[in-house]
Amino acid sequence: MTTAAAQPTQSSSTRGRTDRPPENVMQELGDALKFSARVLVSLPAAARHVTEVLRQAAMIAMSSSLVIWILLIAGGVLVSEVAHYLLTTVGAQAYAGFFNSAGINKVTNPMYFGYIVAAKVGCGIVAELGSMRINEEIDAMEVMGINVMAYLAGTRVLAWAIVGPFIYMIGTGLGFVAGHIAIVDVYKTSSAGAYSDTFWAFTTPADLMFRSLVWAMVPTIAVILISCYYGFTARGGPVGVGVNTARSMVFNVLIVSVLGGAVLFQLFYGTGVIVPIAN
Amino acid sequence: MSDKLEQASSAGRRGRNLLAAVAPSGGPGQFALGGARNTLEQAGNMAVLLAQLCKSVAHNPRGFWGDVRDQVADMTKRTFVPATITVIGYGTLVVTFAVVVLLFLGAPNRLGAVYLSFVLRETAPYLTGIVIAGVLGTALTSELGARKVREELDALRALGQDPIRLLVLPRVIAMIIVTTALFMYMVIFEILEGLAGTIILGDTSAGAFASSFMVNLTVPDVLGSAIKMSIIGLFIGVVCASKGLGVSAGAEGVGRAVNQAVVISVLGVFIISILFNMILLGLTPDMRVLR
């Protein structure tokens with residue numbers, strides 16, 4: 001531990017323990033959680049930088065939305081494929097709509113969304129903030145008196161909170177369309193009317209807007225926070241940026257799997273996938 | 001490698017001249033065509049790398065298997081814990097969903113067959129792909145990118161060694177082996193999770209699950225999935241190695257290369273899985289029957 005004289009008097013709040021990297025996984029996890037808490041606390045200050053928030057939101061929407069939509073479309077096609085072969089053997093082709101609705105909204109969409117956001121947006125944030133840290137731009141901003149937590153990390157979290165739900169809902173819609181085309185036109189499991197009838201009979205607004213959306217957004221906000229942490233703590237030149245990007249991806253995949261897969265699913269559905277019959 | 005680079009760059013020059021004649025600079029046309037050309041250029045680089053790897057193996061298939069063994073050990077150490085945590089997290093979701101859906105359809109005794117087809121064909125391949133791309137793909141790209149930035153690859157070439165054969169080939173072969181092995185491990189783990197879920201949540205016994213499972217396990221299923229995972233491992237290896245070798249100089253070069261590599265890998269896992277499943281299910285009527 002450094003003595004009080006060796007520590008900088010101005011609290012370098014963004015550096016943490018940059019004189020030595022975290023020694024094991026638990027220290028890294030603790031550092032990341034402390035950093036995330038500080039970013040969340042600075043969100044009201046970040047809300048003042050409205051133009052930066054909007055700029056970040058535009059950048060996320062322009063660069064990442066197409067990739068995310070491609071993956072959510074692939075999710076719809078995947079569920080339709082399973083639905084076709086499974087229900088044809090059992091003889092329940094008419095219920096392809098039910099299988100698609102439950103499968104897309106509950107099994108595939110939130111998890112796929114989390115994984116692709118971790119890959120595209122998360123790693124992009126680590127690369128960007130890491131290169132800013134390497135080029136000492138973050139230190140220059142601190143010297144100028146800008147609150148870097150709010151200006152760099154908080155604005156990105158707010159931007160994702162603005163843009164993310166839209167990307168997710170549009171992607172879900174595209175996944176529904178892809179599932180419809182796959183079942184009705186490609187696999188010819190059931191007719192368009194039967195598919196649409198059962199599909200919309202089993203999709204409730206609460207399922208779609210509340211549970212599915214919250215279930216998709218919570219792990220991705222955690223992913224953005226962890227990516228900001230790894231971006232801020234990059235050290236050792238361009239190679240360090242790459243190493244931190246790789247480490248952040250591992251961490252983000254685990255967060256999405258555990259938080260999105262196990263915790264939130266149990267929170268929303270427990271052991272009973274709510275299937276409203278004839279609503 | 002250098003003469004190929006010269007050929008590629010002269011071809012690129014010819015392509016760019018053609019492009020300038022067809023699409024004037026500025027405006028949306030150049031954006032679309034430029035983006036397409038960039039994508040095709042990167043895809044071409046990956047194809048060139050794959051061809052170089054095949055040629056290197058065909059010329060002299062000995063001498064690198066010790067490195068392959070070391071890389072397999074290193075990669076297994078890295079992916080074992082994240083794979084287990086991921087499969088526990090996602091497996092509880094899939095188990096709960098499958099049990100409840102089949103209880104709703106009134107066929108919980110067929111859970112073994114349903115779960116087998118779902119897990120073996122869809123869930124385990126893409127979970128393995130995500131873990132491999134996230135853990136190993138990013139490590140491969142960042143390691144090769146670091147070596148390129150530090151000019152170690154040029155130093156190897158100056159010493160007369162081929163860095164592709166020395167560095168990339170063992171890692172790509174090890175990635176194929178580890179992907180297939182990790183897939184088997186994840187399938188076994190998820191099936192055991194399904195068994196536990198059926199006993200606890202479903203209304204049937206473990207015997208119904210086990211008998212339905214074993215009756216429906218066909219050879220095309222297992223073999224086809226193993227071949228699919230090998231293809232996915234090869235894809236991830238070549239994409240990440242190509243991105244790592246082509247890192248541009250500068251502070252954000254390596255980070256951006258890792259970002260692009262992992263996005264392409266994740267998308268590729270899904271698309272390869274969907275296409276392979278379509279072909280496999282279409283060709284083998286054996287797999288489409290639930291017994």
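Values below: every heavy atom of this structure, side chains too, minus hydrogens, waters and symmetry copies. Order of the sequence lines fixes the chain letters, A, B, ..., with proteins taken first and strands second; residue numbering starts at 1 for each chain.
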Flag the one option from [options] with the top tally of heavy-atom pairs under 4.5 Å to chain B.
options: A:V82, A:I70, A:V77, A:V258; answer: A:V82
options: A:V253, A:L254, A:I134; answer: A:L254
options: A:Y95, A:F251, A:Y85; answer: A:Y85

Considering only heavy atoms and a distance below 4.5 Å, find which of [options] pairs most often with chain A.
options: B:V266, B:I130, B:V149; value: B:I130
options: B:V247, B:T86, B:L93; value: B:L93
options: B:G89, B:G91, B:A139; value: B:G89

Is B:R147 close to chain A through its backbone or its side chain, or both, or neither, when contacts mean heavy atoms under 4.5 Å?
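Neither; nothing under 4.5 Å.
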Using non-hydrogen atoms only, which part of B:L127 is less than 4.5 Å away from chain A: side chain, backbone, both, or neither?
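Contact with chain A is through the side chain of B:L127 alone.
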Please flag which part of [X] lies under 4.5 Å from any non-hydrogen atom of chain B: side chain, backbone, both or neither.
X: A:V67; answer: both
X: A:L87; answer: side chain
X: A:Y230; answer: neither

Going by atom types only, do [X] and [Y] share a side-chain donor-acceptor pair under 3.5 Å?
X: A:S80; Y: A:N100; value: yes
X: A:S212; Y: A:Y168; value: yes
X: A:Y229; Y: A:E28; value: no

N/O donor to acceptor pairs below 3.5 angstrom from side-chain atoms of residues 254-265 of chain B, sequence neighbours left out:
from, atom 1, to, atom 2, distance (Å)
B:R256, NH2, B:E252, OE2, 2.7
B:Q260, OE1, B:K243, NZ, 3.0
B:S265, OG, B:A261, O, 2.7

Name every donor-acceptor pair, under 3.5 Å, that has one atom in a side chain of residues 269-280 of chain B and the other anywhere in the protein, sequence neighbours excluded.
from, atom 1, to, atom 2, distance (Å)
B:N277, OD1, B:K228, NZ, 2.9
B:N277, ND2, B:R121, O, 3.0
B:N277, ND2, B:E122, OE1, 3.4
B:N277, ND2, B:E122, OE2, 3.3

Is it the case that over 12 heavy atoms from other parts of the model lie below 6.0 angstrom from the CZ atom of B:F183?
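Yes - once you tally the heavy atoms of other residues, nucleotides and ligands closer than 6.0 Å, there are more than 12.
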Is any NZ, NE, NH1 or NH2 atom of the basic residue among A:E128 and A:R133 found under 4.0 Å from an Asp or Glu carboxylate oxygen of the other?
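No.
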Identify the two heavy atoms, one from B:T284 and one from B:P220, that lie closest to each other, and give their separation to 0.1 Å.
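Minimum heavy-atom separation between B:T284 and B:P220: CG2-CB, 4.1 Å.
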